[in-house]
Number of protein chains: 2
Amino acid sequence: MIAGTRQPARRRRASRGSGEQLRPEIVSAAKRLLAESANADAMSIRAVADAVGVTPPSIYLHFADKSELLSAVVVDVFAELDAAMLAAADGIDSPLGRLRAFGLAYVRFAVNHPEHYRLATMDPCPKPDVAVDEVLASSAFAHFNTTVLDCMQAGIFAQGDPLPVTLELWAAAHGIASLIIVKPYLPWGEVDEAADRVLCAAALGHAAVDLLGGEPTPEIVTAWLQEQRRPAGTR
Amino acid sequence: MIAGTRQPARRRRASRGSGEQLRPEIVSAAKRLLAESANADAMSIRAVADAVGVTPPSIYLHFADKSELLSAVVVDVFAELDAAMLAAADGIDSPLGRLRAFGLAYVRFAVNHPEHYRLATMDPCPKPDVAVDEVLASSAFAHFNTTVLDCMQAGIFAQGDPLPVTLELWAAAHGIASLIIVKPYLPWGEVDEAADRVLCAAALGHAAVDLLGGEPTPEIVTAWLQEQRRPAGTR
DNA sequence: CCGCTAACTTAGCGACGATAAGTTACTGCC
DNA sequence: GGCAGTAACTTATCGTCGCTAAGTTAGCGG
């Protein structure tokens, strides 16, 4: 790193009422440092302070501690994820098509911003941070949930509370996204294809479980699959 | 923590040829410290050294650095996970039943040992550590893969390479397990039930995608579901 | 132009991972 | 028995980390 030494390019002191303008700069510098250096602990308070041309204690005028700064970054990341998902589903009308676009965009975002995604979804949340979970409950997650509800009303999923279904599908998307990030050397193949397989299987599987009704024991599932596999004429 | 101060109970020096006996003690102390204190960075080299009654530099006689010690813990964790999965499937003969038992045991293990599971599957792997991935490829994962192959031969899944299917199902299991760990305050309901829903949907969904053949576009899936939902007499 | 205070700095604490250099005590050998 | 060799472990220390107490600078209201 060239900029390892002390930065003489000190930031100009903000004018009297505008101390708050440092805050977004700190967040975006933290975000950038996280993305640039693969490991998360390269984003030290000192490095962030250097990046915005300020000394470390100034960070604490805006964030009580490091975890609060990280929470602010997570809020930013979730907003960006939400924007990416909305953009991906733009112009797609069918509920199932939107669901697929959302899922694919989710996985793509995670794979393209692995450190941001890791911070947002794999780090121990020190305390269930209110700001973070407001975003989680309000933007990307809410859009997903609404689309699941649309699928129910379109007769694709059985009617009912969309929340458990959304959580189920989210688990599928998060599963494939996070494994690709953490174990990239496993034979996943193309990211989009792997994601599509998992997401299609999750959605179709949920619908199939609905169709079966009751608890899908291995016996019931086996019998149903054998029934399905018989050619149409023999039914 | 009561034992925060210096530990006067110093460990007796090992006899001449048996310096290696310290190593497993270090690993198990590290594992215990990880489990006891929720956050992973409470397991410092210094804390581990204290726990085994030794000074920090002695750790480095057995592990090149901290990440190597953590890798050793991960190897241990994967072995324990494998044992739990095998025990859960003991006495179950049907391939799909074994698959379900494996998946449930996997999620249960993750939820019951959240810090161990987090370390094993959510931490950035500094370099694809050989030892860790040998375990990953040899024990739990291999058993899973074998059972998927059994399912193929039993006609539950379409014949083919089991590896992509195993990865797909693993993604589902990891997805629900890791989300329950990281966002425990979301309405997951009973762990076993949530896991069963996701795992059944993943397995059934994969089988259904096989049945459909080709790429499951939203249109094809929608049509198939409508076909399925018609009562038997109208076909 | 002066005092008030917002905005930021200097200096430093304790804990961390890691290393260099030293010390202890067991063991094989005569 | 005693001594050399070395395995096993320690003391002391470095640089960095998150974080804080106490000080300093500079712009604005009076």
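Chain identifiers are assigned alphabetically (A, B, ...) following the order of the sequence lines, protein sequences preceding nucleic acid strands; residue numbering begins at 1 within each chain.
Atoms CD1 (Ile59(A)) and C1' (dC17(D)) sit 14 Å apart, rounded to a whole Å. Summarising the geometry, the separation between CD1 on Ile26(B) and P on dC9(D) is reported as 9 Å, rounded to the nearest angstrom. Atoms CZ (Phe63(B)) and P (dA18(C)) sit 13 Å apart, rounded to a whole Å. The CZ atom of Arg46(B) sits 11 Å away from the C1' atom of dC14(D) (whole-angstrom rounding). The interatomic distance linking His62(B) (NE2) with dA8(D) (P) rounds to 7 Å, in whole Å. Look at CG on Leu33(A): it is 16 Å from C1' on dG18(D), rounded to the nearest Å. One atom, CG of Asp65(B), and another, P of dC16(C), lie 17 Å apart when rounded to the nearest Å. The interatomic distance linking Leu61(B) (CG) with dT10(D) (C1') rounds to 10 Å, in whole Å.
Residue contacts for Asp41(B): at a heavy-atom cut-off of 4.0 Å it reaches no nucleic acid atom on any strand shown. Across all strands, Ser44(B) comes closer than 4.0 Å only to sugar-phosphate atoms, never to a base (heavy-atom distances).
With sequence neighbours left out, the ring-ring contact (aromatic ring centres under 6.0 Å, His included) criterion links Phe157(B) to His206(B). With sequence neighbours left out, Asn112(A) forms a side-chain hydrogen bond (donor to acceptor under 3.5 Å, both in side chains) with no residue at all.
In this structure, the ring of Trp170(A) has its center no less than 6.0 angstrom from the ring center of Phe144(A). Taking the six-membered ring for Trp and the full ring otherwise, the centers of Phe109(B) and Phe78(B) sit at least 6.0 Å from each other.
For Ile45(A), whose side chain is taken as the heavy atoms from C-beta onward, the closest listed nucleotide among dG18(D), dT9(C), dA18(C) is dG18(D). The side chain of Thr55(A) approaches dT9(C) more closely than any other nucleotide in the set dG18(D), dT9(C), dA18(C).
The pair Arg100(B)-Asp196(B) meets the salt-bridge criterion, with a side-chain N (NZ, NE, NH1 or NH2) lying under 4.0 Å from an Asp/Glu carboxylate O.
When side chains are defined from C-beta on, Phe63(A) does not count as touching Ile45(A), because their heavy atoms never get closer than 4.5 Å.
Checking side-chain atoms of His116(A) against main-chain N and O of Lys31(A) turns up a donor-acceptor pair under 3.5 Å.
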Quick test: give all pairs of protein nitrogen or oxygen and nucleotides 21-24 of chain C nitrogen or oxygen below 3.5 Å, distance rounded to 0.1 Å.
residue, atom, partner, partner atom, Å
dT24(C), O2, Arg13(B), NH1, 2.9
dT24(C), O2, Arg13(B), NH2, 2.9

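Along DNA chain D, the nucleotide nearest to Ser58(B) and the one nearest to Met43(A) differ in position, and the one closer to the 5' end is contacted by Ser58(B).
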